[in-house]
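Have a look at the structure below before the remarks.
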Amino acid sequence: MTACVNRKHTKKVAAVVTASLVGALSLGVAPVAAMATDEGIEMQFADPEGAFTNAKVVDAGFSHLGSWRSVGQDGYGVYETTYDAYKPMVLDWFEVEFFGTSESGSFKISAASDDYEVTYYERDSKGMPTGDAITSDIYSVGKYVAKVEAVDGHYKGGVIYVPFDINAIELSGAEVVGSDTVTYNAETHDFRFNLIDSNGVRYTTMEGVDYTVEYVRTGHDATVTTDVKDQGTYVAKITGIGNWAGSVTLSEKITVNPLNLSTTTVVGLTASGDEVEPKNLFGLFIDGKFYTGDDAIMSELKADLTDDEEVWFDNRGYSYDVTEATANDANIDGYATFYASKVEHMLDFYYNGEPVPASHEIIMSDSSTA
């Protein structure tokens, strides 16, 4: 990160004044009021350091580097812009008036001049620096002040402060990333959201950093929030945090469909070893993910031999029916049939001297796994 100190090795730029000599003398300027040089004119005050420190900042120019966000000024003299990720704020120039002079007596000073050093701080309620100087780029939401110190030239030792704000983006809308419809799997479903500003621009954001989300199940008290788990529809309320402000409620409903076993892919497994029926003989796919073993959904399903007269004993295939473990479970519909095999010995297969894995994960978006 680059330090936010605008002290560059550029040609010395002196403050330029258009005030008349008569006007300058009437404001307590020393008799040698105007010292003409090839770099401009400097006002020669009896107390130049104090004159600079007590001067009024009447205008300033900030760069919001690389951003399309504008920089304006509020009614209290604070310069404002809106957060734009990784686009820092830098003071370019400032203009001052000495001792209540009219606009014709103002000085426009380059912050890049070797005569001035600019240091940035967070500011307190009185507009003054608080904490240590900020040495990294400034782009996050906050209240800041640029401390401009005359380190050389006629006003050496004088200090002026220029306050500025980076405001949060006002949240105007949000949208679910990916599908807003899922299938019951006995687990809490998590969703990600893109946030949308007042100009319709969408941002890739992160929960807990840019926003918080609460869910309310439709048909229930709006103040009662819940996890998205059981079948039904839900409303999501998104609240901006950090670099975002405001909140919105999604008009689109998030839907959890019941697990329909009759349309779900259920697979049987092959078991060997002793004659005791294994605890988990099967697995099933829900929304493209395979569940088996100790996954939560398995405890909400039961698999019984299709023929209740049969016994898991001989080495052969067996037919099983899968249904909900609790009768009339609204989260699970229908039933499925699968076949499991019991064998004497499990075989290991090798290819080019390497064992062939029992399964192979395929990521549909990655052609290298196909």
Side-chain angles (χ1 to χ4, degrees), residues 1-7 15 49-113 115-151 155 158-172 197-199 201 203 210 240-247:
M1 304 291 284
T2 57
C4 283
V5 177
N6 290 354
R7 189 180 183 187
E49 176 183 340
F52 185 82
T53 296
N54 291 286
K56 177 183 178 181
V57 177
V58 294
D59 199 5
F62 284 85
S63 292
H64 197 172
L65 301 178
S67 174
W68 55 274
R69 307 276 192 192
S70 61
V71 180
Q73 190 177 20
D74 69 8
Y76 300 95
V78 177
Y79 294 85
E80 296 185 309
T81 189
T82 303
Y83 171 77
D84 197 350
Y86 309 114
K87 306 297 175 59
M89 284 280 288
V90 175
L91 177 65
D92 288 334
W93 54 269
F94 59 99
E95 192 170 351
V96 299
E97 287 180 353
F98 291 97
F99 300 114
T101 58
S102 65
E103 186 175 347
S104 62
S106 60
F107 289 77
K108 186 173 182 179
I109 300 171
S110 169
S113 167
D115 282 356
Y116 302 92
E117 184 175 275
V118 181
T119 312
Y120 300 89
Y121 297 83
E122 293 184 358
R123 74 174 191 275
D124 61 20
S125 59
K126 297 180 180 180
M128 299 303 291
T130 181
D132 296 331
I134 299 172
T135 58
S136 59
D137 287 339
I138 300 174
Y139 54 79
S140 296
V141 168
K143 297 182 179 298
Y144 304 96
V145 63
K147 175 184 177 182
V148 183
E149 182 177 6
V151 294
Y155 309 112
V159 178
I160 279 179
Y161 300 95
V162 185
F164 65 100
D165 289 347
I166 299 178
N167 299 318
I169 304 173
E170 193 65 30
L171 181 59
S172 180
D197 68 12
S198 58
N199 295 305
V201 178
Y203 298 81
D210 302 297
I241 58 175
N243 295 314
W244 288 82
S247 63

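Given the structure is predicted, the values throughout are model-derived calculations rather than measurements.
- Rounded to the nearest 0.5 angstrom, Glu149 CD and Tyr116 OH are separated by 11.5 Å.
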When you look at Glu97 and Val57, which way does the side chain to side chain contact (heavy atoms under 4.5 Å, CB included) test go after all the steps?
CA-CA 7 Å; Glu97 287 180 353; Val57 177; over 6 Å; no

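- Looking only at side-chain heavy atoms (C-beta outward), Ile138 and Pro88 stay at 4.5 Å or farther from each other.
- Here the closest non-hydrogen pair linking Ala111 and Val118 is CB-CG2, 3.8 Å.
- The side-chain heavy atoms of Tyr83 and Tyr139, taken from C-beta on, include a pair separated by under 4.5 Å.
- Side-chain contact between Val148 and Glu117 is absent, with no heavy-atom pair separated by less than 4.5 Å.
- For Leu171 against Gly246, the heavy-atom pair with the smallest separation is CD2-O, 3.8 Å.
- Note: Ser140 OG to Met89 CE = 12.5 Å, rounded to the nearest 0.5 Å.
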Side-chain donor-acceptor distances from residues 60-68 under 3.5 Å, at least two apart:
from	atom 1	to	atom 2	distance (Å)
Ser63	OG	Asp92	OD1	3.3
Ser63	OG	Asp92	OD2	2.2
His64	ND1	Thr81	OG1	3.0
His64	NE2	Lys87	O	2.9
Ser67	OG	Arg69	N	2.9
Ser67	OG	Asp84	OD2	2.7

When you look at Trp244 and Tyr203, which way does the side chain to side chain contact (heavy atoms under 4.5 Å, CB included) test go after all the steps?
CA-CA 11 Å; Trp244 288 82; Tyr203 298 81; 3.3 Å; yes

Side chain to side chain contact (heavy atoms under 4.5 Å, CB included) between Trp93 and Lys108, worked out
CA-CA 7 Å; Trp93 54 269; Lys108 186 173 182 179; 3.5 Å; yes

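- Val159 is listed as a side-chain neighbour of Lys147, based on a closest heavy-atom distance under 4.5 Å.
- Judged by distance alone, the side chain of Tyr120 and the main-chain N or O of Leu91 form a donor-acceptor pair under 3.5 Å.
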Could you tabulate the donor-acceptor pairs under 3.5 Å formed by side-chain atoms of residues 161-168, not counting sequence neighbours?
from	atom 1	to	atom 2	distance (Å)
Asp165	OD1	Arg123	NH1	2.7
Asp165	OD1	Arg123	NH2	2.9

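- At most 12 heavy atoms of other shown residues, nucleotides or ligands fall within 6.0 angstrom of atom CG in Asp132.
- For Asp210, there are no side chain to side chain donor-acceptor pair (under 3.5 Å) partners at least two apart in sequence or on another chain.
- Under the 3.5 Å distance criterion, the side-chain polar atoms of Asp124 are matched with a main-chain donor or acceptor of Lys126.
- A heavy-atom distance below 4.5 Å is not found between the side chains of Ile169 and Asn243.
- Two rings, from Tyr155 and Phe98, have their centers less than 6.0 Å apart.
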